[in-house]
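First up is the structure itself, then whatever we jot down about it.
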Amino acid sequence: MKKEDTVKLISREGFEFIIDKKAAMVSQTIRNMLTSPGSFAETEHGQVTFPEINTTILEKICQYFYWSLQYASGKETEFHIEPEITLELMMAANYLHT
């Protein structure tokens with residue numbers, strides 16, 4: 001896979017998730033960051049840092065991006081969310097417009 005086909009998402013703790021750009025584009029916020037005109041760091045480097053989102057939540061969000069792509073293509077499966085991360089996950093999802 002080519003580097004321009006991936007996006008690096010970085011959590012508050014500095015953990016890096018390298019995912020398909022198509023999956024990352026599920027988020028309207030990330031899409032705007034990566035496709036905005038101008039020379040924004042996110043657009044130029046293909047990476048986005050989330051200083052407010054911890055590693056556990058960002059990992060779950062990445063899983064959701066891939067699940068969403070599968071669901072959109074007709075594969076209906078359940079997406080499990082652990083109760084203890086629900087509130088934090090909802091806040092992150094609201095920010096990311098997912």
Side-chain angles (χ1 to χ4, degrees):
M1 184 175 299
K2 299 177 194 170
K3 184 177 179 178
E4 58 269 6
D5 294 337
T6 62
V7 175
K8 185 187 297 184
L9 305 180
I10 305 170
S11 71
R12 172 175 58 212
E13 297 85 4
F15 194 88
E16 300 175 352
F17 296 90
I18 299 173
I19 65 171
D20 294 332
K21 192 171 191 174
K22 184 177 179 181
M25 294 299 192
V26 167
S27 164
Q28 186 64 46
T29 302
I30 294 174
R31 181 180 309 168
N32 290 343
M33 290 175 169
L34 296 174
T35 61
S36 295
S39 56
F40 294 103
E42 292 86 0
T43 305
E44 288 185 6
H45 302 294
Q47 72 180 37
V48 183
T49 302
F50 296 102
E52 301 297 323
I53 301 177
N54 73 38
T55 300
T56 303
I57 299 301
L58 190 55
E59 178 180 25
K60 195 65 168 181
I61 288 168
C62 291
Q63 291 170 1
Y64 171 78
F65 291 162
Y66 284 104
W67 176 87
S68 181
L69 290 178
Q70 289 180 346
Y71 185 82
S73 68
K75 184 177 180 183
E76 295 186 28
T77 59
E78 187 174 310
F79 185 75
H80 179 72
I81 299 172
E82 296 80 6
E84 59 273 7
I85 66 168
T86 303
L87 179 59
E88 211 172 343
L89 188 60
M90 285 176 49
M91 292 182 341
N94 183 51
Y95 169 72
L96 294 171
H97 293 45
T98 56

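Heavy-atom basis, side chains included; hydrogens, waters and symmetry copies ignored.
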Inset, instruction - Check salt bridge (Lys or Arg N to Asp or Glu O under 4.0 Å) between Lys22 and all other residues, then give those that pass, not counting sequence neighbours. - result: none

Taking side-chain contact (heavy atoms from CB on, under 4.5 Å) as the definition, give me every residue that meets it alongside [X], ordered by chain and number, with sequence neighbours left out.
X     : value
Met25 : Lys21, Arg31, Leu34, Thr35
Glu84 : Glu82
Thr29 : Ser27, Met33, Tyr95, Leu96, His97

State, yes or no, whether a side-chain contact exists between [X] and [Y] at a heavy-atom distance under 4.5 Å.
X     : Y     : value
Leu89 : Tyr64 : no
Phe65 : Leu69 : no
Ile30 : Leu9  : yes
Glu59 : Ile61 : no

Inset, instruction - If a pair satisfies side chain to side chain donor-acceptor pair (under 3.5 Å) and one of its residues is in residues 68-77, list it, with sequence neighbours excluded. - result: Trp67-Thr77

Inset, instruction - Look at the side-chain heavy atoms of Ile, Leu, Val, Met, Phe, Trp and Tyr, link any pair under 4.5 Å apart, and say whether Ile85 and Phe79 land in one connected group. - result: yes

Inset, instruction - Looking only at non-hydrogen atoms, find the nearest pair between Lys60 and Ile81 and report the distance. - result: CE-CA, 4.1 Å

Indicate every side-chain donor-acceptor pair of residues 50-58 with a distance under 3.5 Å to a residue at least two apart or in another chain.
{"unit_1": "Asn54", "atom_1": "OD1", "unit_2": "Thr56", "atom_2": "N", "d": "3.0"}
{"unit_1": "Asn54", "atom_1": "OD1", "unit_2": "Ile57", "atom_2": "N", "d": "2.9"}
{"unit_1": "Asn54", "atom_1": "ND2", "unit_2": "Glu88", "atom_2": "OE2", "d": "2.8"}
{"unit_1": "Thr55", "atom_1": "OG1", "unit_2": "Ser11", "atom_2": "OG", "d": "2.7"}
{"unit_1": "Thr55", "atom_1": "OG1", "unit_2": "Glu13", "atom_2": "OE1", "d": "2.7"}

